[in-house]
S.K.: 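My structure is below; once you've seen it, I'll send some questions.
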Amino acid sequence: MPYTKLIDEAIDQAVVIRKSDTKMQSENNDSFRSYCYYTNNPIRDFELFKVEMEPHASKESDGHSPKTQEYILVVRGELTLRVNAQEYVLKEGDSIYFDCTSPHSFTNNQETLLEFTDIIYYS
């Protein structure tokens, strides 16, 4: 099934999305990679990403549009998240959600690959 079909219309059956079908966005010399599995559209108020960060990588975000929340679940490794001058260290299996309209940053201070699921919800 073409990826664009997920964006354009409602789905009447189960849809499998392979990682190879996603659009990868990378920053910082490929040390931060995000794979978009679902984009927001008129019937879906969220986006879902799988994120991979190389050891000692970091990523700054200027913040998202008003009334937006971010939900993160650490799948592997340890994420240091900074939001509104607060720092949170999340380990494998930990989750957090926050108002992501403010600037925030993601850091992998470890020697191993960090993987997390990131959902951005537009209310």
Side-chain angles (χ1 to χ4, degrees):
M1 172 177 287
Y3 182 70
T4 54
K5 188 169 178 89
L6 296 172
I7 298 168
D8 297 336
E9 59 190 57
I11 304 298
D12 293 332
Q13 59 186 348
V15 176
V16 174
I17 299 173
R18 309 271 181 223
K19 185 177 179 183
S20 60
D21 295 331
T22 65
K23 180 181 178 186
M24 183 192 65
Q25 300 172 327
S26 66
E27 297 183 36
N28 303 336
N29 297 320
D30 280 345
S31 65
F32 179 93
R33 298 176 298 279
S34 64
Y35 302 85
C36 185
Y37 282 78
Y38 302 101
T39 59
N40 67 318
N41 63 32
I43 61 168
R44 188 176 29 251
D45 296 336
F46 68 89
E47 295 176 297
L48 184 133
F49 299 89
K50 177 187 187 225
V51 178
E52 299 172 343
M53 293 182 72
E54 293 296 328
H56 304 288
S58 62
K59 160 82 166 78
E60 302 284 330
S61 174
D62 293 331
H64 302 278
S65 57
K67 298 182 181 179
T68 306
Q69 299 169 338
E70 199 155 342
Y71 296 78
I72 293 173
L73 171 64
V74 177
V75 176
R76 181 173 25 161
E78 183 178 289
L79 169 64
T80 301
L81 174 69
R82 190 162 185 79
V83 183
N84 296 324
Q86 287 282 97
E87 189 171 278
Y88 305 92
V89 177
L90 305 168
K91 298 181 183 211
E92 187 173 316
D94 292 346
S95 181
I96 189 171
Y97 73 93
F98 59 97
D99 176 343
C100 61
T101 59
S102 300
H104 49 283
S105 65
F106 307 94
T107 305
N108 178 4
N109 291 317
Q110 303 302 304
E111 299 292 333
T112 58
L113 181 72
L114 166 64
E115 294 180 77
F116 61 93
T117 301
D118 191 359
I119 298 172
I120 301 175
Y121 175 71
Y122 303 93
S123 53

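For this chain, numbers begin at 1 and follow the sequence in order.
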S.K.: Out of curiosity, Ser105 OG to Asp62 CG, how far, rounded to the nearest 0.5 Å?
M.R.: 11.5 Å
S.K.: Flag yes if Ile120 and Val51 sit in one hydrophobic cluster, no otherwise; membership is Ile, Leu, Val, Met, Phe, Trp, Tyr, and two members link when side-chain heavy atoms are under 4.5 Å apart.
M.R.: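 Per the 4.5 Å side-chain linkage, Ile120 and Val51 are co-clustered.
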S.K.: In terms of hydrophobic clustering (I, L, V, M, F, W, Y; side-chain heavy atoms under 4.5 Å; direct or indirect links), are Leu113 and Val75 co-clustered?
M.R.: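 Different clusters.
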S.K.: Can a cation-pi geometry be assigned to Lys59 and Phe106, taking NZ or CZ under 6.0 Å from the six-membered ring centre and within 45° of the ring axis?
M.R.: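 No cation-pi geometry.
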S.K.: Would you give the length of the straight line joining atom CD of Glu27 to atom OG of Ser61, rounded to the nearest 0.5 angstrom?
M.R.: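 Rounded to the nearest 0.5 Å, the CD-OG separation comes out at 9.0 Å.
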S.K.: Does Glu54 form a salt bridge (Lys or Arg N to Asp or Glu O under 4.0 Å) with Arg33? I'd like the steps, not just the answer.
M.R.: CA-CA 9 Å; Glu54 293 296 328; Arg33 298 176 298 279; 2.8 Å; yes
S.K.: Measuring from Cys36:SG to Leu48:CG, what's the distance to the nearest 0.5 Å?
M.R.: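 Nearest 0.5 Å value for the SG-CG distance: 7.5 Å.
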S.K.: Hey, does the side chain of Ser123 reach the backbone of Lys67 with a donor-acceptor pair shorter than 3.5 angstrom?
M.R.: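 Such a contact is found between Ser123 side chain and Lys67 backbone.
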S.K.: Looking at Arg76 and Glu92, is there a salt bridge between them, counting it only when a charged N and a carboxylate O are closer than 4.0 Å?
M.R.: no
S.K.: Looking at CD1 of Ile119 and CG of Asp45, how far apart are the two atoms once the value is rounded to the nearest 0.5 Å?
M.R.: 12.5 Å
S.K.: Between His64 and Gln69, is any side-chain donor less than 3.5 angstrom from a side-chain acceptor?
M.R.: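 No - no donor-acceptor pair under 3.5 Å links their side chains.
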S.K.: Can Asn109 and Thr107 be counted as having a side-chain donor-acceptor contact under 3.5 angstrom?
M.R.: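 The criterion, which ignores hydrogens and geometry beyond distance, is not satisfied for Thr107 and Asn109.
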S.K.: Test of understanding: clusters of I, L, V, M, F, W, Y form through side-chain heavy atoms closer than 4.5 Å, transitively. Do Tyr97 and Phe46 belong to the same one?
M.R.: yes
S.K.: At their closest point, which heavy atom of Leu73 faces which heavy atom of Gly93, and how far apart are they?
M.R.: CD1-O, 3.8 Å
S.K.: Check whether NZ of the Lys or CZ of the Arg Lys50 lies under 6.0 Å from the centre of the six-membered ring of Tyr37 and within 45 degrees of that ring's axis.
M.R.: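 Cation-pi check for Lys50 and Tyr37: fails.
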S.K.: Can you tell me how far the CZ atom of Phe98 sits from the OH atom of Tyr71, to the nearest 0.5 Å?
M.R.: 11.0 Å
S.K.: Going by side-chain contact (heavy atoms from CB on, under 4.5 Å), Glu52 matches just one of Phe32, Tyr35, Phe116. Which one?
M.R.: Tyr35
S.K.: Ignoring hydrogens, what is the shortest heavy-atom contact between Leu90 and Val74? Give both atom names and the distance.
M.R.: CB-CG2, 3.7 Å
S.K.: Got a donor-acceptor contact below 3.5 angstrom from the Asn41 side chain to the Ile43 backbone?
M.R.: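 Pair found, side chain donor or acceptor close to backbone of Ile43.
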S.K.: Can Lys19 and Asp21 be said to form a side-chain contact (heavy atoms from CB on, under 4.5 Å), step by step?
M.R.: CA-CA 5 Å; Lys19 185 177 179 183; Asp21 295 331; over 6 Å; no
S.K.: Heavy atoms only: give me the nearest Gln110-Asn108 pair and the separation to one decimal.
M.R.: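 In terms of heavy atoms, the two residues are closest at N-OD1, 3.0 Å.
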S.K.: Donor-acceptor check, side chain of Arg82 to backbone of Tyr88, threshold 3.5 angstrom: yes or no?
M.R.: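 It does not hold such a pair.
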S.K.: Tell me whether Asp99 contacts the main-chain N or O of Thr101 through its side chain, where contact means a donor paired with an acceptor under 3.5 Å.
M.R.: yes
S.K.: Is it the case that more than 12 heavy atoms not belonging to Tyr122 sit under 6.0 Å from its OH atom?
M.R.: yes
S.K.: Among Asp118, Leu81, Ile96, find the residue that satisfies the side-chain contact (heavy atoms from CB on, under 4.5 Å) test when tested with Glu70.
M.R.: Asp118
S.K.: Test side-chain contact (heavy atoms from CB on, under 4.5 Å) on Leu79 and Val89; report intermediate values, then the result.
M.R.: CA-CA 6 Å; Leu79 169 64; Val89 177; over 6 Å; no
S.K.: Can you tell me how far CG of Leu114 sits from NE2 of His56, rounded to the nearest 0.5 angstrom?
M.R.: 12.0 Å
